[in-house]
2 protein chains.
Amino acid sequence: MTGQTDSVLTEAALDTALRELIGYSMKRATAMVTADAARVLEPMGLRITTFSALTVICNAPGVRQTELAAALGMERSNSVAVIDTLEKAHWITRERSARDRRAIALQPTTAGIMRQKQARLALLTHEDRMFAGLSQIERRELVKLLSRIRA
Amino acid sequence: MTGQTDSVLTEAALDTALRELIGYSMKRATAMVTADAARVLEPMGLRITTFSALTVICNAPGVRQTELAAALGMERSNSVAVIDTLEKAHWITRERSARDRRAIALQPTTAGIMRQKQARLALLTHEDRMFAGLSQIERRELVKLLSRIRA
DNA sequence: TATTGTTATACTCTATAACTATA
DNA sequence: TATAGTTATAGAGTATAACAATA
């Protein structure tokens with residue numbers, strides 16, 4: 001192996017041209033963060049989507065499936081499998097709403113609340129590691145800048 | 001429809017609890033930006049992955065497939081289909097390397113270079129719209145903060 | 001008529017293992 | 001032995017259409 005290449009440009013990183021696009025930096029950084037978060041959640045039997053849904057249900061007991069999906073920016077149809085997973089793990093229950101018999105109210109179980117708290121702490125630790133290069137002020141600044149992006 | 005819910009919390013957004021995680025804000029904001037970028041690229045016959053690969057090839061003619069995949073943070077195996085797409089569109093060519101007959105040097109065609117330039121301009125316009133709420137200084141600050149995140 | 005949950009389906013992205021031909 | 005490109009495959013996320021029950 002010579003390490004040689006047929007490329008003319010050998011000095012700059014190959015993705016330099018893409019770095020002028022903010023979206024590219026966002027995508028690469030987010031992929032890094034979410035991959036690490038997924039690794040943290042995996043031993044707890046959670047994925048990012050299931051953790052997110054569980055967190056919403058724990059913080060808004062009785063939430064409907066459609067509301068949940070909308071809050072997480074996902075399709076109603078795709079939320080079904082996520083909620084199935086949480087229900088099979090006995091972390092949440094589905095209860096027919098008395099007021100509107102079409103709707104289903106999602107309730108967290110005691111085990112679900114405990115698991116969510118545990119996963120939340122693990123993720124906060126993970127973020128403290130990933131964002132160690134940023135001060136608390138800079139972390140808030142990052143979130144603030146992200147919140148000002150509009151489609 | 002009453003608009004009523006079984007949820008106890010009706011005032012705050014349902015994903016408030018998730019907003020304490022920086023990764024959540026990053027994921028939602030990035031999804032918004034990349035979805036819009038994909039819409040911009042689609043009429044040009046490009047997706048984000050194919051545009052990214054084409055851009056690297058245009059800026060580093062002769063780059064190898066393995067180098068390309070590494071630069072974009074994707075698996076070698078997954079880069080094959082992306083390069084197939086670019087080759088079938090006649091935007092790039094595959095050439096066996098003379099120095100190392102295992103390797104393939106990727107070269108952009110004239111049409112490929114033109115398409116990349118066109119797509120790049122469309123994406124810069126798209127970003128000017130998405131990031132209109134941020135000054136140029138703030139955009140650079142955002143990228144700088146993202147670059148300091150470490151796994 | 002419209003909405004809720006659901007099923008079916010398809011497409012993209014991603015990840016791993018294994019093969020071939022070259023080094 | 002190791003590397004470059006490739007194939008096959010499977011999992012996870014995402015998107016659309018259509019259906020039954022209910023409003």
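Checking C/dG5, D/dA4, D/dT22 against every side-chain atom of B/R76, the shortest atom distance belongs to D/dA4.
Between the P atom of D/dT22 and the CZ atom of A/R99 lies a distance of 18 Å, rounded to the nearest Å. Whole-Å rounding puts the B/I104 CD1 to D/dT6 C1' distance at 9 Å. For the pair B/E67 CD and D/dT3 P, the interatomic distance rounds to 14 Å; values are reported in whole Å. Between B/N78 atom CG and D/dA8 atom P the separation is 14 Å, expressed in whole Å. When the P atom of C/dA23 is taken as reference, atom CZ of B/R64 falls 10 Å away, rounded to whole Å. We find that CZ of A/R94 is positioned 16 Å from P of C/dT4, with the value rounded to whole Å. The separation between B/E75 atom CD and D/dT9 atom P is 18 Å, rounded to whole Å. Nucleotide D/dG5 holds its P atom 8 Å from the CG atom of B/D100, rounded to whole Å.
At a non-hydrogen distance threshold of 4.0 Å, nothing from residues 28-58 of chain B comes into contact with DNA chain D.
The side-chain heavy atoms of A/E141 and B/L145, taken from C-beta on, include a pair separated by under 4.5 Å.
Under the 3.5 Å distance criterion, the side-chain polar atoms of B/Q107 are left unmatched by any main-chain donor or acceptor of B/I92. A distance-only check finds a donor-acceptor pair linking the side chain of A/T30 to the backbone of A/M26 [under 3.5 Å].
Residue contacts shown for A/Q65 are limited to sugar-phosphate atoms, with no base heavy atom under 4.0 Å away. At the heavy-atom level, A/S77 lies under 4.0 Å from base atoms of the strands shown.
Checked for salt-bridge contact, B/R139 and B/D128 meet the test: a charged N lies under 4.0 Å from a carboxylate O. The pair A/R94-A/D84 meets the salt-bridge criterion, with a side-chain N (NZ, NE, NH1 or NH2) lying under 4.0 Å from an Asp/Glu carboxylate O. The pair B/E20-A/R120 counts as a salt bridge, with a side-chain nitrogen and a carboxylate oxygen less than 4.0 angstrom apart.
Interface remark: the B/R102 side chain does not form any donor-acceptor pair with the C/dA23 base, using a distance-only criterion of under 3.5 Å.
Heavy-atom neighbours of B/R101 CZ from other residues, nucleotides or ligands within 6.0 Å: at or below the threshold of 12.
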